Amino acid sequence: MDYVLLTEQFLNGFQLGIILFLMAAGLTLVFGIMDLVNLAHGSMFMIGAFVGGTIALLTDSFILGVILMIPAMLVIGMAVEMTTLRTLYPRDHLDQVLATFGLILFFNEAVRLIWGPEGLVVPLPAFLDGTVELGLGITYPVYRIVIIAIGLAVALGLYILVGKTRIGMLIRAGASNRTMAGALGVNIPKLFSIVFGIGAVLAGLAGLIITPITQAQIGMGEDVLILAFVVIVIGGIGSIRGAFIASIVTGVIDTMGRSFLDQLLLLFLPANAAESAGPALSSMLIYILMAAILFFRPQGLFPPKGAGA
Amino acid sequence: MNMRAELRNPATIFALLVMALFATGPFLMPALDEPFYVIVFARIMVWGIAAISLNLIMGYGGMISFGHAVYLGIGGYTVGILAFHGVTDGWTQLAVAVFGSAFIAFVFGAISLRTRGVYFIMITLALAQMIFFLSVSAERYGSDDGLNILSRSDFGVGFFDLEDQMTMYYTIFAVLLLALLVSWRIVGSRFGNVIRAAKSNETRVQAVGVATYRYRLTAFVIAGVMCGIAGLLQANLERFVSPDMMSWPRSGELIFMVVLGGMSTIFGPVTGAFVYLMVSDFLAEWTIHWHIVFGPLLVLVVLFARGGIAGLLDRKPARE
């Protein structure tokens, strides 16, 4: 277990955490503010990857794909909110789960009809395709560092948006007391559409920036969605700060567990037992972590204060 | 609602028609030159049993488990793994399936019932996902590809041989009747009253001195075991188990069947499973892209058909 591999895997885990954060931030905002469970958030991840990837292939510029994906996802997200999700706000969580489950089926099939069943391969632009020397003999792919940087920038941007701007103030007001904010003249439906649009852009961005590594596939958002659920449950629903910390922790533990757990087990288990228990246990690791955290703190690590959820 | 009013209720009449169809299926469908539907009915009945078990906790108890299909997987993999190691004795398989799903339901219930609302939904989903990934990583038992089951459960009774398709069919039918009976008896009992009361106002039930947590956990375990038995039947019927049978879309479908049929009604889960699977069958026959119609159809049902089929047929809304 040398430090080079350890650092690499730590960075990989951090990068997975960043992707999870981009998903979880939108999910937790939408839930905290609108009290809406949205399974179709995973579809936004997928649509962002396909739409942005297609633009990148057509224009031959990945950067342009990312830039043009943002308004596209904003429009798609707000359209979904206005046509379907808006009617679900007064409903119970069960109806929300079911209706957004229906949306997943629809979006998966729509993507299959438009792009075919094979998915989409989006190559990495040449200038991002390389490795960089981090010192101490550690080299790391440039692109993964770019992902981490984008994620950190988005986290900072969200922090400023929610904490320091007027729209952020309205979002926080809507989260802590929807009715009162509405009575004081905040256009709640418009605010909800905007928040949902922002969430869709973040999910789409996550899907698109991961595509050069994994390629865009139908249903690609669903596993990430469930991990993002774990993240926001650990972090405390409605809390962006909680989502950030829980994302990084989940990403790092999951990745490190997958690469080192079998070696760790070797310390006290016979080789063949460790070899078979390692993969099984590492795939369960974050769920065990979640169960443990919930056992001691049923509201998650950072339950938001005064949120109307 | 008294028995006579229940029998005049159109939803009950529809449910009884469905049950009559199941009862006569192996004779009626070949006579109508549609023998394929016999196996379809058998599948629907297994889903019906699983949906009945979910209705116990979700419909009556308000516990929205988004990971209920995991018990199908546990029951199924019990048969698969035991048969893989040469243990085909039905009683052993049944005992392991019952204790296995009871144990998992106890642990998962103990964790998730500490939480409420949307946390509960997400935690049941995540815990089920854990077992799902465990089955995916089990290379010895086929990982993603699943496991073929060469011989069905052998209960060692001469005339009762599950290898015979007709016996298999009517065993499932009998278990379905049993599940309906159990759910009817539970709902009407004191235990059932506590579960239902805890759904509408838990604080009040606790205030009169009932430890609701234990009752809810017990209900959760009963539902898990019933669904585990459905999994055992499904594995026997299909002669195949795979992680897909406990993937999260299966849990979503189970919830949908219950809601579609009408939550908190005895027959609702069965009619829900029937309509859900028949509609998906017809659509799938019509086009391979049937999800493009089916998805929005689900959304429309949620938005406009509150109370499900029972609510549509009955003018009074079935939802509390």
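Residue numbers start from 1 in every chain, and the chains themselves are labelled A, B, ... in the order their sequence lines are given, proteins ahead of strands. All values reported here derive from a predicted model rather than from experimental measurement. Just so you know, these numbers use all the heavy atoms, side chains as well, and skip hydrogens, waters and symmetry mates.
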Asks: Stepwise, does the side-chain contact (heavy atoms from CB on, under 4.5 Å) test hold for B:I255 with A:L94?
Replies: CA-CA 9 Å; B:I255 297 182; A:L94 180 58; 3.4 Å; yes
Asks: Measure the shortest side-chain to side-chain distance between A:L98 and B:L298 over non-hydrogen atoms and say whether it is less than 4.5 angstrom.
Replies: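 No. Closest side-chain heavy atoms not under 4.5 Å.
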Asks: Looking at every non-hydrogen atom in both residues, tell me the closest pair between B:I121 and A:H93 and how far apart they are.
Replies: CD1-CB, 3.8 Å
Asks: Are A:Q96 and B:V302 close enough, and set up right, to give a side-chain contact (heavy atoms from CB on, under 4.5 Å), and what steps lead you there?
Replies: CA-CA 8 Å; A:Q96 297 171 353; B:V302 173; over 6 Å; no
Asks: Is any side-chain heavy atom of A:V230 closer than 4.5 Å to a side-chain heavy atom of B:M122?
Replies: no
Asks: Taking the side chain from B:R114 and the backbone from A:F296, do they hold a donor-acceptor pair closer than 3.5 Å?
Replies: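 No, the answer is negative, given that no donor and acceptor are paired below the 3.5 Å cut-off.
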Asks: Between B:L303 and chain A, with a heavy-atom cut-off of 4.5 Å, which part of the residue counts as in contact: side chain, backbone, both or neither?
Replies: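 Contact with chain A: backbone and side chain both.
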Asks: Heavy-atom pairs under 4.5 Å with chain B are the metric here; pick the option from A:F107, A:F101, A:F229, A:Y287 that has the most.
Replies: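 Among A:F107, A:F101, A:F229, A:Y287, the one with the most close pairs to chain B is A:Y287.
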Asks: Sorted by first residue and then second, give each salt bridge (charged side-chain N to carboxylate O under 4.0 Å, His left out) pair with at least one member in residues 252-266 of chain B; sequence neighbours left out.
Replies: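 Non-adjacent pairs meeting salt bridge (charged side-chain N to carboxylate O under 4.0 Å, His left out): B:R250-B:E253.
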Asks: Are side-chain heavy atoms of B:F294 and A:E109 found at a separation under 4.5 Å?
Replies: no
Asks: For chain A, which candidate among B:I111, B:I64, B:V118, B:T115 shows the most heavy-atom pairs at distances under 4.5 Å?
Replies: B:V118
Asks: Relative to chain A, which of B:S112, B:G252, B:A110, B:S135 shows the most heavy atom pairs under 4.5 Å?
Replies: B:G252
Asks: Heavy-atom distance under 4.5 Å between the side chains of A:M284 and B:L134, does that happen here?
Replies: yes
Asks: Which bit of B:I292 is near chain A, if near means a heavy-atom gap under 4.5 Å: side chain, backbone, both or neither?
Replies: both
Asks: Mind listing the closest non-hydrogen atom pair of B:I123 and A:V233 along with its distance?
Replies: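 Smallest interatomic distance, heavy atoms only, reads CG1-CG1, 4.1 Å.
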Asks: Decide if atom OH of B:Y213 counts as having more than 12 heavy atoms of other residues, nucleotides or ligands within a radius under 6.0 Å.
Replies: yes
Asks: At a 4.5 Å cut-off on heavy atoms, which part of A:L285 comes close to chain B: side chain, backbone, both, or neither?
Replies: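 Contact with chain B involves no heavy atom of A:L285 at all.
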Asks: Give me the one residue out of A:I286, A:D223, A:L227 that meets side-chain contact (heavy atoms from CB on, under 4.5 Å) with B:Q129.
Replies: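 Answer to the side-chain contact (heavy atoms from CB on, under 4.5 Å) test with B:Q129 among A:I286, A:D223, A:L227: A:D223.
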Asks: Among all residues two or more places apart in sequence or in another chain, which pass the side chain to side chain contact (heavy atoms under 4.5 Å, CB included) test with B:S251?
Replies: B:F66, B:A69
